[in-house]
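Predicted, not measured: the structure shown is a model, and the values here were computed from it. Per chain, numbering begins at 1; letters A, B, ... match sequence-line order.
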Amino acid sequence: MPQSGSELETPVVVRFAPSPTGYPHLGNIRTALFNWLFARRYGGKFILRIEDTDVARKVEGAVEMILDSLRWLELDWDGSPYFQSERLDIYRDVANKLLTEDHAYLCYCSPERLEAMRQEQIKRKQPPKYDGRCRNLTQQQKDQLKAEAITPVVRFKTPLDGETTFHDLIRGRVSFKNSTLDDFVLLKSDGYPTYHLANVVDDHLMAISHVLRADEWLSSTPRHTLIYQALNWQAPHFAHLPMILGPDRSKLSKRHGASNIIEYREQGYLPEAMINFLALLGWSLDDRTELLTREELVKNFSLERISKTAAVFNRDKLEWMNGVYLRQLSLDEFVRQATPFLDRDLPVSVRRPLDSDYTRQVMSLIQERAKTLAEVPRLAGFFFLDELQYETSLLLSGGLSSKAAIEAIRTPLKRLESAEVWDAKSLEDVLRALATELSLTTGKFFGLLRVAITGRSAAPPLFQTMAVLGKGKCLERLTTALDRLSALAQA
RNA sequence: GCCCUCAUCGUCUAGUGGACCAGUACCUCAGCCUUUCAAGCUGAGGACAGGGAUUCGACUUCCCUUGAGGGCACCA
């Protein structure tokens, strides 16, 4: 079996085949990514195919959501997307061919009967499968049912015995006893094909060379293999990717917080970080490389290094990685990326548009401290607000008495009022000297000033912060702090 | 219930019979740096699910048990 690139005997053609039921989740996208990487690695094609054969579950706008997600991550597809709903005739023809060649039959069983049968089987602790009632109908019975005008479905005539074996590029040889399979539906009564039929037909017609899909499809692969065999078609190579599990080790779903990929964009994750992180869920380059660019990924991706074990999604690591990518950005790029988040999340009282020069200075202090873009407004808020919200007691958290604290603010306030230069260096000179003068440790003194200036005890470096904030605002905030302390002392 | 798959630190993983008393990253903790935070640096903690078999030698091969995940629709 060809597993590695250069000596592949057929051109690589892979596809991402989502069904339009909403935004793709992390697992879908990981599948898309691996397909994309594989195609790009071997100079093949990456086809996008929308599997919209379930009319009932179809979600309005979902196709656009899928395209939106792929575009965000720059997983570009080749050609225009296919829509299975536009190819109904093709599937019908194939179903008819199978019917004619006795690989399939018409089934008139009602959904109610099937459901009742299933319940009964489950109750009797038997595996639920179609009992094959319509498989051996006499011509007379067929005619009669036909006369009743019931629209039948087309079922595949699964061999009663023997086994179906296929080779999986990741798992190796996988085998199923045919007796554990049932006569599954190929064509539904609404004329739409089921996944099994449409998938096989399209993979064949589109000359898909490798099917890279999630592990949850492994058990439907024997059905697909059987269809290929019945049609006398060469099946593509299969590679079933390990699942991505939620922290509770179950299949990823809405329950696990953000599952829609686009929510990650809204939470301020960078596409390159997502790509890097997702690539490492089930694949690795070696025993130590964590950070890889898209290009490095393309250059090194291979099926051999895909693991067999399901991976638990680890948000902490994603955050860490996003922080790394955020810090790698040039300041201008960081500002460009962060601005929409500031616009979105800064309090409405903050005047828009933001001053770009000021924002840039602020961002230079924030960039290193943000793990996601969405937390930038929270980290930088005090730079933009007119009035700080904080508990006055926070000023005393360093252990100073209110009297001492008042003194420790009044003195620098006076000293700073006459300051002519207002940059980090001069501020540091002045304030350090003052700490000595007041015989306060720098920790206590600067800590107090930090709260007065920023309203919080953890913030970017004090002098730089003050320099960016500007003299007017700093003096104003020191004055406010003084007032608060005085009020507290009197109370 | 039946079928399939998987099984290394809490998590992502490296490891394809000896170079592994098991390496990396996230996480946690400690220290350094330091005006706080962050970043950075140093260090620590922490795993081969269990039992058989094969072998001079098993994380690595085979079997069983256990555990986990997935599937068993006129959904994909």
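Comparing rC32(B) with rC48(B), their C1' atoms sit 34 Å apart, to the nearest whole Å. Remark: the separation of the C1' atoms in rC26(B) and rG46(B) is 13 Å, to the nearest Å. A gap of 8 Å separates the P atoms of rA49(B) and rU60(B), to the nearest Å. Going from the C1' atom of rC59(B) to that of rG15(B) covers 8 Å, rounded to whole Å. Only the P atoms considered, rA47(B) is 23 Å distant from rU42(B), to the nearest whole Å. Using atom C1' as the reference point in both rC3(B) and rG10(B), the two lie 32 Å apart (nearest Å). rU54(B) and rU61(B) have their C1' atoms separated by 8 Å, given to the nearest Å. As rounded to the nearest Å, rG51(B) and rU13(B) have P atoms that lie 26 Å from one another.
For Arg118(A) and Glu115(A), the salt-bridge test passes: some basic side-chain N is under 4.0 Å from an acidic carboxylate O. Remark: Glu428(A) does not engage Lys425(A) in a salt bridge, criterion side-chain N to carboxylate O under 4.0 Å. The residues Asp202(A) and Arg15(A) are annotated as not salt-bridged, no charged nitrogen and carboxylate oxygen being separated by less than 4.0 angstrom.
The separation between Asn314(A) atom CG and rC27(B) atom C1' is 7 Å, rounded to whole Å. Here the P atom of nucleotide rA73(B) and the CZ atom of Phe156(A) are 17 Å apart, to the nearest Å. Spacing between atom NZ of Lys317(A) and atom P of rU28(B) amounts to 14 Å, rounded to whole angstrom units. With rounding to whole Å, Leu394(A) atom CG is found 11 Å from rU36(B) atom C1'. One atom, CG of Leu226(A), and another, C1' of rC3(B), lie 15 Å apart when rounded to the nearest Å. Rounded to a whole Å, the CD atom of Glu115(A) is 14 Å from the C1' atom of rC75(B). The distance from atom CG of Asp286(A) to atom P of rA22(B) is 20 Å, rounded to the nearest whole Å. The distance between atom NE2 of His167(A) and atom P of rU5(B), rounded to the nearest whole Å, is 13 Å.
Relative orientation of the Phe166(A) and Phe238(A) rings is perpendicular, given thresholds of 30° and 60° on the angle between their planes. Below 30°, between 30° and 60°, or above 60°: for Phe463(A) and Phe446(A) the angle between ring planes is above 60°, a perpendicular geometry. Note: Phe277(A) and Phe313(A) have perpendicular aromatic rings, judged against thresholds of 30 and 60 degrees for the angle between ring planes.
Comparing rC74(B), rA38(B), rC26(B) against the side chain of Arg369(A) picks out rA38(B) as the nearest. Closest to the side chain of Ala311(A), from the set rU13(B), rG1(B), rG10(B), is rU13(B). Taking only side-chain atoms of Glu368(A), from C-beta outward, the nucleotide of rU5(B), rU11(B), rA38(B) with the closest atom is rA38(B). The side chain of Pro127(A) lies closest to rC2(B), out of rC37(B), rA76(B), rC2(B). Checked against rA76(B), rA39(B), rA25(B), the side chain of Glu290(A) finds its nearest nucleotide in rA25(B). Minimum atom distance to the side chain of Thr309(A) is reached by rU8(B), of the listed rU8(B), rC74(B), rA76(B). Ranking rU36(B), rA76(B), rU5(B) by closeness to the Val174(A) side chain, first place goes to rU5(B).
Between Phe301(A) and Phe34(A), the distance from one ring center to the other falls under 6.0 angstrom.
Heavy-atom distances to RNA chain B give each of Glu428(A) and Ser284(A) a nearest nucleotide, and the one nearer the 5′ end belongs to Ser284(A). Sequence order on RNA chain B of the closest nucleotides to Thr289(A) and Leu181(A) puts Leu181(A) first from the 5' end.
A side-chain donor from one of Ser426(A) and Asp423(A) sits under 3.5 Å from a side-chain acceptor of the other. Using modelled atom types and a 3.5 Å distance limit, the side chains of Asn322(A) and Thr372(A) yield no donor-acceptor pair. Side-chain atoms of Glu51(A) and Ser19(A) include no donor-acceptor pair closer than 3.5 Å. Side-chain atoms of Asp203(A) and His224(A) form no donor-acceptor pair, as typed in the model, at a separation below 3.5 Å. Side-chain contact of His240(A) with Arg213(A): a donor-acceptor pair under 3.5 Å is present, judged by distance alone. Looking at Arg87(A) and Thr53(A), their side chains never bring a donor and an acceptor atom within 3.5 Å of each other.
For rC21(B), there is no paired nucleotide, since no Watson-Crick or G-U wobble pair has both relevant distances below 3.5 Å. rA76(B) is unpaired under the criterion used here, namely a Watson-Crick or G-U wobble arrangement in which both key atom distances are under 3.5 Å. Base pairing annotation: rC37(B) forms no Watson-Crick or G-U wobble pair, as no partner gives both donor-acceptor distances under 3.5 Å. Across the strands present, rU61(B) finds its partner in rA53(B); the criterion is a Watson-Crick or G-U wobble pair with both atom distances under 3.5 angstrom. The partner of rG69(B) is rC4(B), by the rule that a Watson-Crick or G-U pair needs both atom distances under 3.5 Å. Using N1 to N3 plus N6-O4 or O6-N4 for Watson-Crick, or N1-O2 and O6-N3 for G-U wobble, each under 3.5 Å, rC26(B) pairs with rG10(B).
You won't find any donor-acceptor pair under 3.5 Å spanning the side chain of Lys308(A) and the base of rC6(B), going by distance alone. Judged by atom type and distance alone, Ser189(A) reaches the base of rC74(B) through a side-chain donor-acceptor pair under 3.5 Å.
Among the heavy atoms of the strands, none lies under 4.0 Å from Pro242(A). Within the nucleic acid shown, Tyr130(A) has no heavy atom closer than 4.0 Å to any nucleic acid atom. As judged by a 4.0 angstrom heavy-atom cut-off over every strand, Leu280(A) is placed among residues touching the sugar-phosphate backbone only. No contact: Arg456(A) has no heavy atom under 4.0 Å from any strand. Heavy atoms of Gly323(A) sit nowhere under 4.0 angstrom from any nucleic acid atom. Looking at heavy-atom distances under 4.0 Å, Thr180(A) makes contact with sugar-phosphate atoms alone, never a base.
Residues Met466(A) and Leu431(A) meet the side-chain proximity criterion, which asks for heavy atoms closer than 4.5 Å.
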Could I get a table of every N or O pair under 3.5 Å where one atom is in the protein and the other is in nucleotides 69-71 of chain B?
from: rG70(B); atom 1: OP1; to: Lys251(A); atom 2: N; distance (Å): 2.7
from: rG71(B); atom 1: OP1; to: Lys251(A); atom 2: NZ; distance (Å): 2.6
from: rG71(B); atom 1: O4'; to: Ser219(A); atom 2: OG; distance (Å): 3.3
from: rG71(B); atom 1: O2'; to: Ser219(A); atom 2: OG; distance (Å): 3.0

Name the pairs: protein N/O against N/O of nucleotides 59-64 of chain B, kept only if under 3.5 Å.
none

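An OP1 or OP2 oxygen of rG1(B) is reached within less than 4.0 angstrom by no side-chain nitrogen or oxygen of Arg124(A). Note on Thr53(A): a side-chain N or O is less than 4.0 Å away from OP1 or OP2 of rA76(B). Taking 4.0 angstrom as the limit, Arg305(A) places none of its side-chain polar atoms (N or O) nearer than this to OP1 or OP2 of rU13(B). Residue Lys58(A) places no side-chain N or O under 4.0 Å from the OP1 or OP2 atom of rC75(B).
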